[in-house]
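Worksheet for the structure shown next.
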Amino acid sequence: MATDHSTSTLDTAANGTFLAAETLEPLRAQLRGSLCLSGDHGYDEARTLWNAMINRRPGVVIRAAGAGDVIRAVNFAREHGLVLAIRGGGHNIAGNAACDGGLMLDLTPMKSVHVNPEKRTVCVEPGVTLADLDRETQTFGLALPVGINSTTGIAGLTLGGGFGWISRKYGLTIDNLLSADVVTADGKLVHASDSQNPDLFWGIRGGGGNFGVITSFEFQLHPVGTEVLAGLIIHPIAHARELLQQYRQIAADAPNELAIWYVLRQAPPLPFLPPEWHGKEILAFAVCYNGDLKQGEKAIAPLRTLGKPVGEFVGPMPYLAWQQILDPLLTPGARNYWKSQSFTQLSDGAIDVLIEFAKRLPSPECELAFAQLGGAINDVAVGDTAYPHRDLQFLVNIHTRWTDAALDQKCVAWARDLFNALKPHATGGVYVNFMPEDEADPERVRAAAYGPNYERLAKLKTKYDPKNLFCRNQNIRPA
Ligand SMILES: Cc1cc2nc3c(=O)[nH]c(=O)nc-3n(C[C@H](O)[C@H](O)[C@H](O)COP(=O)(O)OP(=O)(O)OC[C@H]3O[C@@H](n4cnc5c(N)ncnc54)[C@H](O)[C@@H]3O)c2cc1C
């Protein structure tokens with residue numbers, strides 16, 4: 001039962017636009033999905049994001065059931081001068097998926113995943129999570145390179161780039177995007193691919209939600225698993241320096257089928273780890289080999305010869321299981337602040353900084369998650385997609401996470417200090433999907449997130465969204 005708002009005035013925009021609630025009624029009547037106001041069933045569910053640091057109250061939420069609802073919502077926001085926020089999986093750390101006042105367009109009800117096993121393609125709606133996608137594609141022994149936390153939304157992940165365990169073999173998520181349906185700022189549904197609206201197709205491959213609302217993605221899939229060779233090898237942090245120095249060569253020699261990431265954090269109570277190590281600072285290598293399992297054993301052998309691990313759990317396992325293995329450490333509802341730095345090489349100086357900060361984590365849930373990139377990701381030219389960072393070998397996510405609000409200042413300060421200390425060793429670029437709210441500075445978006453591709457993006461923005469209707473993102477300003 002919807003709350004009766006008919007006599008109220010609705011603050012629908014942080015920019016001072018007020019609407020009589022009855023203005024919404026014709027819109028409500030046209031929707032296949034639902035329209036929720038504060039107090040309605042679904043309102044809080046829609047506005048609650050993965051990061052509990054974000055608590056925004058939209059003036060109105062439209063929970064879209066299809067492209068028709070998206071068009072109606074975009075037209076309504078534009079015609080009434082409302083701030084418009086778009087929600088896919090709700091995981092973005094900056095929390096742009098929700099707005100104070102304004103109109104929040106929640107795409108989570110749009111959950112269709114359709115695999116074509118012969119063509120090895122999949123069509124995905126924007127409310128789909130990585131778990132939804134992996135479940136369908138693995139039914140046919142296929143997969144798309146996506147992220148490492150299964151509750152993440154495919155929409156936001158794709159629009160920023162998207163990398164995970166099999167990206168060194170098959171590229172970024174966007175490198176496998178074949179086409180998309182996009183509702184543009186004028187409320188038109190257009191198809192974007194290499195042959196139709198190729199400029200828009202270029203822009204949505206890394207340019208975030210700046211150019212329109214994607215109502216459907218079509219991706220190329222690849223044969224994967226269904227078993228991969230994967231797991232964790234855990235060492236005391238005391239040996240991290242020499243281990244990471246040796247890791248450098250092992251990572252450089254690794255075939256594209258293998259990704260070796262590492263994490264510096266306090267050890268969770270893993271069943272294969274002796275209890276005396278639980279809660280102690282550790283270096284954990286996380287490996288995933290996607291290919292022939294015997295070849296995989298050979299590929300990870302050099303890593304296994306390193307040092308004396310205090311715990312190891314590596315073996316064949318379903319790709320689906322591996323895709324969800326880190327979920328318990330990344331559940332929604334905690335307070336989170338992220339910073340990230342990117343690297344073309346892992347210098348001794350960077351290793352020292354990482355270890356120094358890992359020894360004084362401000363909360364037991366914080367971690368430094370270090371991804372190995374390279375491989376097929378770097379086979380694409382800088383100008384081929386809006387995502388420009390095609391020379392990286394590594395990227396660290398300073399994943400600061402805690403539950404007690406009293407720790408806010410301490411945790412954020414730790415992350416910023418570490419970010420600054422890593423600066424001399426990093427490229428200065430930033431992955432747009434890892435930018436927190438306070439990195440919204442246009443100059444950082446221009447120089448660090450998009451660099452050489454920014455000017456072209458700004459021209460595209462002027463063509464497709466000259467009034468910047470889609471502004472709740474890492475924003476590209478119209479030229
Ligand atoms: C726990 C966790 C793990 C992660 N791991 C990885 C990883 O391994 N690899 C990786 O690459 N990234 C990873 N990320 C980052 C992730 O890619 C981004 O947070 C991404 O923005 C999440 O997408 P979403 O749809 O869930 O988020 P949302 O917050 O819903 O969306 C983010 C933004 O994308 C835009 N948007 C969303 N949907 C649409 C649409 N249909 N049309 C137009 N614009 C839209 C909007 O601007 C929105 O504000 C991770 C994030 C988390 C929280």
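Each residue takes its place number in the sequence, starting with 1. We count ligands from 1, going down the list as the structure has it; atoms in each ligand are counted the same way.
- Residues Asp327 and Ser150 have side chains that bring a donor and an acceptor to within less than 3.5 angstrom of each other.
- Atom 26 (O) of ligand 1 has Gly153 N, 2.9 Å as its closest protein atom, hydrogens excluded (heavy atom only).
- Heavy atoms of Ala97 found under 4.0 angstrom from ligand 1 belong to the backbone as well as the side chain.
- At least one donor-acceptor pair closer than 3.5 Å links the side chain of Glu125 to the backbone N or O of Ser112.
- Distances below 4.0 Å separate heavy atoms of Asn473 from the following atoms of ligand 1: 47 (O).
- Heavy-atom distances between Gly164 and ligand 1 stay at or above 4.0 Å for every pair.
- If you number the atoms of ligand 1 from 1 as listed, the ones under 4.0 Å from a heavy atom of Val213 come out as 42 (N), 43 (C).
- Under a 4.0 Å criterion applied to the non-hydrogen atoms of Gly209, ligand 1 contributes the atoms 43 (C), 44 (N).
- The single protein non-hydrogen atom nearest to atom 11 (O) of ligand 1 is Tyr431 OH, 2.6 Å, given as residue, atom name and distance.
- Close contacts of ligand 1 with Arg472, meaning ligand atoms under 4.0 Å from a residue heavy atom, involve 47 (O), 49 (O).
- Under 3.5 Å, the side chains of Asp199 and Tyr464 contain a donor-acceptor pair of N or O atoms.
- Counting atoms of ligand 1 from 1 in the listed order, those under 4.0 Å from a heavy atom of Arg87 are 30 (O).
- Donor-acceptor pairing under 3.5 Å is recorded for the side chains of Thr331 and Arg401.
- The nearest protein atom to atom 25 (O) of ligand 1, hydrogens excluded, is given as Gly89 N, 2.8 Å; this is a heavy-atom distance.
- Any N or O atom pair closer than 3.5 Å counts here, and Ile214 shares at least one such pair with ligand 1.
- In terms of protein heavy-atom proximity, atom 1 (C) of ligand 1 is nearest to Asn149 OD1, 3.3 Å.
- Checking side-chain atoms of Asn51 against main-chain N and O of Asn336 turns up a donor-acceptor pair under 3.5 Å.
- The protein atom (non-hydrogen) at minimum distance from atom 8 (O) of ligand 1 is Ile148 N, 3.0 Å.
- For ligand 1, one of its N or O atoms has an N or O atom of Gly90 under 3.5 Å away.
- Here's the thing with Gly156: one of its N/O atoms is less than 3.5 angstrom from an N/O atom of ligand 1.
- If you number the atoms of ligand 1 from 1 as listed, the ones under 4.0 Å from a heavy atom of Gly147 come out as 7 (C), 8 (O), 9 (N).
- Every atom of ligand 1 with a heavy atom of Phe163 under 4.0 Å away is listed here by number and element: 7 (C), 8 (O), 9 (N), 10 (C), 11 (O).
- Side-chain atoms of His389 come within 3.5 Å of backbone atoms of Ala449 as a donor-acceptor pair (strictly under, hydrogens ignored).
- Between Leu330 and ligand 1, not a single N/O pair is under 3.5 Å apart.
- Protein heavy atom closest to atom 38 (N) of ligand 1, with residue, atom name and distance, is Ala155 CB, 3.3 Å.
- If you look at Asn92 next to ligand 1, the close heavy atoms, those under 4.0 Å, come from the backbone and the side chain alike.
- Close contacts of ligand 1 with Leu107, meaning ligand atoms under 4.0 Å from a residue heavy atom, involve 40 (C), 41 (N).
- Between Trp50 and His399, the ring-plane angle classifies as tilted under the 30° and 60° cut-offs.
- Heavy-atom distances between Ala94 and ligand 1 stay at or above 4.0 Å for every pair.
- Residue Trp261 places no N or O, backbone or side chain, under 3.5 Å from any N or O of ligand 1.
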For this session: Starting from the C-alpha separation in whole Å, work towards a yes-or-no answer on side chain to side chain donor-acceptor pair (under 3.5 Å) for Asn176 and His222.
Result: CA-CA 9 Å; Asn176 296 279; His222 304 277; 2.7 Å; yes
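- The single protein non-hydrogen atom nearest to atom 45 (C) of ligand 1 is Leu159 CD1, 3.4 Å, given as residue, atom name and distance.
- Only the side chain of Trp50 comes within 4.0 Å of ligand 1, judged by heavy-atom distances.
- Taking the six-membered ring for Trp and thresholds of 30 and 60 degrees, Phe434 and Phe163 have ring planes more than 60 degrees apart, a perpendicular arrangement.
- For the pair Arg32 and Asp69, the salt-bridge criterion is not met [side-chain N within less than 4.0 Å of a carboxylate O].
- The nearest protein atom to atom 2 (C) of ligand 1, hydrogens excluded, is given as Trp338 CH2, 3.6 Å; this is a heavy-atom distance.
- Annotation: cation-pi pair Arg335/Tyr337 absent, no NZ/CZ under 6.0 Å from the ring centroid and within 45° of its normal.
- Under a 4.0 Å N-O distance rule, the pair Glu257/Lys169 qualifies as a salt bridge.
- Using a 4.0 Å cut-off between a side-chain N of Lys or Arg and a carboxylate O of Asp or Glu, Asp40 and Arg63 do not qualify as a salt bridge.
- A donor-acceptor pair under 3.5 Å links the side-chain atoms of Asn378 to the main chain of Leu392, judged by distance alone.
- Using a 4.0 Å cut-off between charged side-chain N and carboxylate O, Asp404 and Lys410 make no salt bridge.
- Contact annotation for Val146 and ligand 1: no heavy atom of the residue comes within less than 4.0 Å of the ligand.
- With no hydrogens or angles considered, no side-chain donor-acceptor pair links Asn75 and Arg72 at under 3.5 Å.
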